[in-house]
Amino acid sequence: MPGLAAKSIVDILLVIPDTADEEAYVPALDAAGYTLRIREPDWHQHRCLIRRTEDGALSCVNLLAGSSWPKG
């Protein structure tokens with residue numbers, strides 16, 4: 001919609017088998033330019049990786065497969 005304001009961050013949801021096993025996915029995302037910024041093991045094993053771009057930032061959010069969050 002023209003004129004509609006938007007945030008400069010795109011959220012990407014990755015559901016992976018075991019977010020606690022960071023060696024299984026963080027190195028590949030790191031090689032793609034993402035940086036692990038948030039680690040919340042007590043909240044659904046949540047991890048957040050961010051990749052900065054010239055136009056803003058891409059946010060990559062990881063959740064434990066089978067987690068009760070998010071519900072939709």
Side-chain angles (χ1 to χ4, degrees):
M1 182 176 269
L4 182 63
K7 64 181 184 172
S8 63
I9 296 176
V10 175
D11 294 325
I12 303 167
L13 176 63
L14 297 177
V15 178
I16 58 178
D18 182 6
T19 55
D21 184 13
E22 294 178 4
E23 287 299 315
Y25 65 95
V26 171
L29 290 169
D30 186 58
Y34 289 87
T35 302
L36 180 62
R37 298 292 296 263
I38 298 172
R39 181 184 288 118
E40 297 176 301
D42 295 334
W43 190 72
H44 306 279
Q45 286 294 336
H46 175 252
R47 305 293 194 272
C48 180
L49 293 95
I50 283 207
R51 178 178 168 220
R52 300 256 176 232
T53 66
E54 291 178 15
D55 298 339
L58 293 177
S59 172
C60 183
V61 180
N62 300 290
L63 299 173
L64 181 64
S67 171
S68 62
W69 188 91
K71 292 231 182 227

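Scanning for side chain to side chain donor-acceptor pair (under 3.5 Å) contacts around Arg39 gives Glu22, with sequence neighbours left out. In this structure Asp30 satisfies the side-chain contact (heavy atoms from CB on, under 4.5 Å) test with no other residue, sequence neighbours excluded.
A continuous path of hydrophobic side-chain contacts links Leu29 to Leu36 [ILVMFWY only; heavy atoms under 4.5 Å]. Ile38 and Trp43 are members of different hydrophobic clusters when ILVMFWY side chains are connected at heavy-atom separations under 4.5 Å.
Contact of the Tyr34 side chain with the Ile12 side chain is registered, since non-hydrogen atoms from C-beta on lie closer than 4.5 Å.
Distance check, rounded to the nearest 0.5 Å: CZ of Arg47 to CG of Leu14 gives 13.5 Å. Here Gln45 contributes atom CD and Asp21 contributes atom CG; the two are 10.5 Å apart, rounded to the nearest 0.5 Å.
For the pair Arg51 (side chain) and Leu49 (backbone), a donor-acceptor distance under 3.5 Å is absent.
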